[in-house]
Amino acid sequence: MSSHFKWYPASEEVVVPWNARYSFPSQANKAVKITPRIPPKNGSVFNPGQVVRLEFPAQGYVNPLNTTLEFDVTLYTFAASTTAGIMRFQNNIQSIFNRVRLLYGATPLEDMINYNVIVRGLTEWTATNTHNTMDQTSVAEGIGGCAVASDNLSYFGLTNVRQKYIQGTSLATPSGAPATSVDFQGGFGFSSVPQASDTAGSPSAAVGTFVTRRYQVNFALGLFTQDKLIPTKFMASQLAIEISLEQPAACIYVPPTSTTAVTYSVGSAPTYSVSNVNLIPEILEFDASYDSMFLAGLRDGGVPLKFSSWHTFLFSSGGAASCNLLVQERSRSVKALFAVQRRAQPTFFTDSHAMFFDTSGGSSCLQNYQFRIGGRYFPAAPVQTSSSVGSPYSNGGAEAYTELAKALNMVGDYRLSSGVNASKWALQPGAFTAIQTNPGIAATVASGVLHEFDFTMSIGSFSNAGIPNIRGIESKNNSFCGALGSSCFAMATDLETSNGVEISGLNAE
């Protein structure tokens with residue numbers, strides 16, 4: 001994992017050890033900066049499941065922190081897909097990137113499986129607050145939660161930022177002029193365009209709606225979150241990035257609009273395409289004096305670049321009351337561990353990247369967790385997450401959050417308000433009560449409703465036992481949303497043993 005996250009600029013910078021440094025050009029070196037647009041090597045329009053390959057030219061020195069990826073995303077919904085056609089991407093447009101590999105020739109330098117899950121976690125834990133606010137991250141990265149807006153009839157309420165302002169589609173119409181707070185018509189999608197016939201890149205000729213938006217993002221790869229220049233002029237065009245696109249059900253969210261199960265036929269399911277892809281590196285060219293110094297460093301033992309990356313391991317808990325999961329990790333320096341619980345099979349009607357606090361169905365809750373490496377335990381005592389031993393009720397997760405903050409190097413730093421709050425952290429599964437005619441699940445559920453509905457619902461009240469009573473808000477007739485975001489709980493621990501002056505993570509070999 002990276003020890004400094006670009007999503008959280010208030011974190012302290014890592015001190016790079018002396019033997020991993022090379023001299024940055026002085027002011028006496030002549031320098032020229034260029035920012036070319038490099039298209040993919042293997043196509044121009046990409047659909048879910050396909051791979052986008054981008055290659056760096058053998059030119060200059062790349063500044064990784066200012067290297068970005070620009071692309072257009074088109075979201076398609078069809079007339080037969082749902083009665084309302086309301087849909088949007090999950091938080092952060094990088095949810096469409098399933099796997100990202102950094103290659104040098106045929107050798108993988110980094111291979112981030114479930115890349116979108118990692119980015120979603122960093123977005124929730126360290127990026128901007130998304131509750132009743134909207135900021136600059138909504139422009140280029142597609143990050144947004146809920147914010148107050150009004151409809152054409154001057155009703156005010158919360159709307160989903162990604163649905164109304166960033167990129168959402170809707171075929172819905174209100175059932176009538178709203179006389180109460182039940183049936184608003186505001187926020188029916190951003191720039192929805194009727195699709196009368198097949199268009200370039202469209203996977204189907206079905207009549208429906210599509211909307212296109214351009215994004216520009218930074219990579220979460222370790223090599224691109226460190227500040228040393230990458231000497232691409234000496235790499236013979238061998239440095240490349242390969243991006244595998246996610247399946248639609250794992251990155252598109254459709255607010256449920258029926259109490260019965262909705263299935264899609266072939267050609268009618270929501271989908272997306274990616275086009276106009278450009279890698280935009282910042283390339284610096286220096287005069288011959290700097291090149292000669294760099295070549296001297298290569299001859300005298302090499303020029304090391306220190307960076308951190310992520311390794312992902314997947315397990316199935318199988319509904320067991322107690323889980324012991326064996327991680328086959330042999331890295332020289334493990335800096336932190338993060339464990340999250342997610343839905344095994346993605347669906348359009350749930351936020352597939354929600355990270356749950358508890359999945360017991362309401363009969364119990366997560367009691368505690370601890371990591372064992374060899375014969376040692378981290379932290380030394382289990383992190384308690386229930387109100388008492390054996391209790392079915394959450395204690396709020398304060399200790400668990402502190403462990404996460406340690407792992408992310410932001411303990412006590414509240415200069416940037418992140419997306420974590422009490423309603424998204426250690427909140428138990430809720431009971432559900434419908435206030436709409438089409439809440440998406442049965443009209444009444446006693447317990448066990450997971451928090452994976454992306455501001456479609458709100459918490460009406462809490463029972464005497466501390467169980468939240470969830471109310472369905474967003475529906476095919478009501479585009480105003482709720483205030484309950486998807487859960488973002490994580491079990492984490494920090495393994496670094498010093499202040500980062502040297503490679504200081506725990507040796508897992």
Side-chain angles (χ1 to χ4, degrees), residues 7-8 73 75 84 86-95 119-120 122-170 172 174 178 181-192 211 213-217 251-256 351 353-354 414-425 427 435-436 451-460 470-488:
W7 286 270
Y8 198 83
V73 181
L75 176 63
I86 305 171
M87 60 190 64
R88 53 185 175 264
F89 286 107
Q90 296 175 20
N91 200 17
N92 197 318
I93 194 57
Q94 294 195 66
S95 62
V119 170
R120 172 64 178 273
L122 294 177
T123 299
E124 299 288 353
W125 304 329
T126 67
T128 182
N129 175 32
T130 58
H131 277 68
N132 204 15
T133 186
M134 181 170 49
D135 65 8
Q136 70 273 17
T137 59
S138 63
V139 177
E141 298 167 274
I143 297 175
C146 61
V148 173
S150 65
D151 73 345
N152 295 331
L153 298 177
S154 300
Y155 285 94
F156 286 85
L158 291 176
T159 56
N160 191 291
V161 169
R162 278 169 283 117
Q163 178 70 43
K164 182 168 184 177
Y165 298 107
I166 299 179
Q167 188 172 13
T169 68
S170 174
S181 61
V182 174
D183 195 21
F184 292 149
Q185 64 180 22
F188 275 150
F190 173 87
S191 298
S192 297
V211 57
R213 186 182 178 93
R214 177 161 297 182
Y215 298 91
Q216 191 164 349
V217 300
C251 61
I252 295 175
Y253 174 70
V254 181
D351 185 347
H353 296 151
Y414 303 121
R415 286 173 288 179
L416 178 66
S417 179
S418 74
V420 178
N421 59 46
S423 69
K424 295 171 62 177
W425 184 245
L427 188 66
I435 62 171
Q436 298 293 338
H451 307 303
E452 53 181 347
F453 295 106
D454 189 30
F455 296 100
T456 294
M457 304 184 185
S458 281
I459 298 176
I470 311 300
R471 301 293 183 91
I473 306 296
E474 189 178 22
S475 73
K476 68 179 181 181
N477 294 326
N478 178 26
S479 62
F480 284 132
C481 71
L484 180 60
S486 298
S487 180
C488 62

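The model shown is predicted, which means the values in this text are computed figures rather than measured ones.
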Novice: Please determine, by modelled atom types, if Q94 and Y215 share a side-chain donor-acceptor pair under 3.5 angstrom.
Specialist: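 On atom types as modelled, these side chains do not qualify, holding no pair under 3.5 Å.
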Novice: Suppose we screen for salt bridge (charged side-chain N to carboxylate O under 4.0 Å, His left out). Which residues come up paired with D351, at least two apart in sequence or across chains?
Specialist: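 Partners of D351 by the salt bridge (charged side-chain N to carboxylate O under 4.0 Å, His left out) criterion, ordered by chain and then number, come out as R120.
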Novice: I would like to know whether K164 and E474 meet salt bridge (Lys or Arg N to Asp or Glu O under 4.0 Å); could you show each step before the answer?
Specialist: CA-CA 13 Å; K164 182 168 184 177; E474 189 178 22; over 6 Å; no
Novice: State which residues pass side-chain contact (heavy atoms from CB on, under 4.5 Å) with A422; sequence neighbours excluded, sorted by chain then number.
Specialist: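 A422: no side-chain contact (heavy atoms from CB on, under 4.5 Å) contacts found.
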Novice: Quick one: does H451's side chain get under 4.5 Å of K424's, heavy atoms only?
Specialist: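 A side-chain contact under 4.5 Å is absent here.
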Novice: Give the intermediate values and the outcome of side chain to side chain contact (heavy atoms under 4.5 Å, CB included) for residues S487 and E452.
Specialist: CA-CA 6 Å; S487 180; E452 53 181 347; over 6 Å; no
Novice: With sequence neighbours left out, write down each residue that passes side-chain contact (heavy atoms from CB on, under 4.5 Å) with S423, or none if nothing qualifies.
Specialist: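 Per chain and number, S423 pairs via side-chain contact (heavy atoms from CB on, under 4.5 Å) with H131, N421, L484.
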Novice: Look at the side chain of T133 and the backbone N and O of T130, then say whether any donor-acceptor pair between them is shorter than 3.5 Å.
Specialist: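 Not at all, since once roles are kept as given, no pair shorter than 3.5 Å links the two residues.
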Novice: What I'd like to find out is whether the side chain of T456 reaches to under 4.5 Å of the side chain of P255, using heavy atoms alone.
Specialist: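 Result yes, sub-4.5 Å side-chain heavy-atom pair found.
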Novice: Please answer whether the main-chain N or O of V73 pairs with a side-chain N or O of Q167 as donor and acceptor at a distance below 3.5 Å.
Specialist: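 A pair under 3.5 Å: yes.
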Novice: Are a donor atom and an acceptor atom from the side chains of Y165 and T159 found within less than 3.5 Å of each other?
Specialist: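 Checked: Y165/T159 side chains show no N/O donor-acceptor pair below 3.5 Å.
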Novice: Check side-chain contact (heavy atoms from CB on, under 4.5 Å) between V139 and all other residues, then give those that pass, not counting sequence neighbours.
Specialist: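 Partners of V139 by the side-chain contact (heavy atoms from CB on, under 4.5 Å) criterion come out as none, since no residue qualifies.
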Novice: Could you state the interatomic distance from SG (C488) to CG (L427), rounded to the nearest 0.5 Å?
Specialist: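 Rounded to the nearest 0.5 Å, the SG-CG separation comes to 11.0 Å.
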Novice: State which residues pass side chain to side chain donor-acceptor pair (under 3.5 Å) with N129; sequence neighbours excluded, sorted by chain then number.
Specialist: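 By the side chain to side chain donor-acceptor pair (under 3.5 Å) rule, N129 matches no residue at all.
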Novice: Is N91 close to R162 at the side-chain level, that is, under 4.5 Å between some pair of heavy atoms?
Specialist: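 Yes; the side chains approach each other to less than 4.5 Å.
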Novice: What's the spacing between Y253 OH and Q90 CD if we round to 0.5 Å?
Specialist: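 The OH atom of Y253 sits 9.5 Å away from the CD atom of Q90.
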Novice: Verify the distance criterion only: is there a donor paired with an acceptor across the side chains of D454 and S486 at less than 3.5 Å?
Specialist: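 Not at all, the side chains of D454 and S486 share no donor-acceptor pair under 3.5 Å.
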Novice: Heavy-atom distance under 4.5 Å between the side chains of F480 and L158, does that happen here?
Specialist: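 Heavy-atom side-chain distance check fails, nothing below 4.5 Å.
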Novice: Return yes if some donor-acceptor pair links the side-chain N/O of W125 with the main-chain N/O of G419 below 3.5 Å, else return no.
Specialist: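 Checking the backbone N and O of G419 against the side chain of W125, no donor-acceptor pair under 3.5 Å is found.
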Novice: Could you tell me whether the side chain of N160 and the main chain of Q163 form a donor-acceptor pair under 3.5 Å?
Specialist: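 Present.
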Novice: Compare all side-chain heavy atoms of C481 with those of I473 and state whether any distance is below 4.5 angstrom.
Specialist: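 They are not in side-chain contact.
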Novice: For S138, give me all partners under side-chain contact (heavy atoms from CB on, under 4.5 Å), at least two apart in sequence or on another chain.
Specialist: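 With sequence neighbours excluded, S138 shows a side-chain contact (heavy atoms from CB on, under 4.5 Å) to M134, I166, given in chain and number order.
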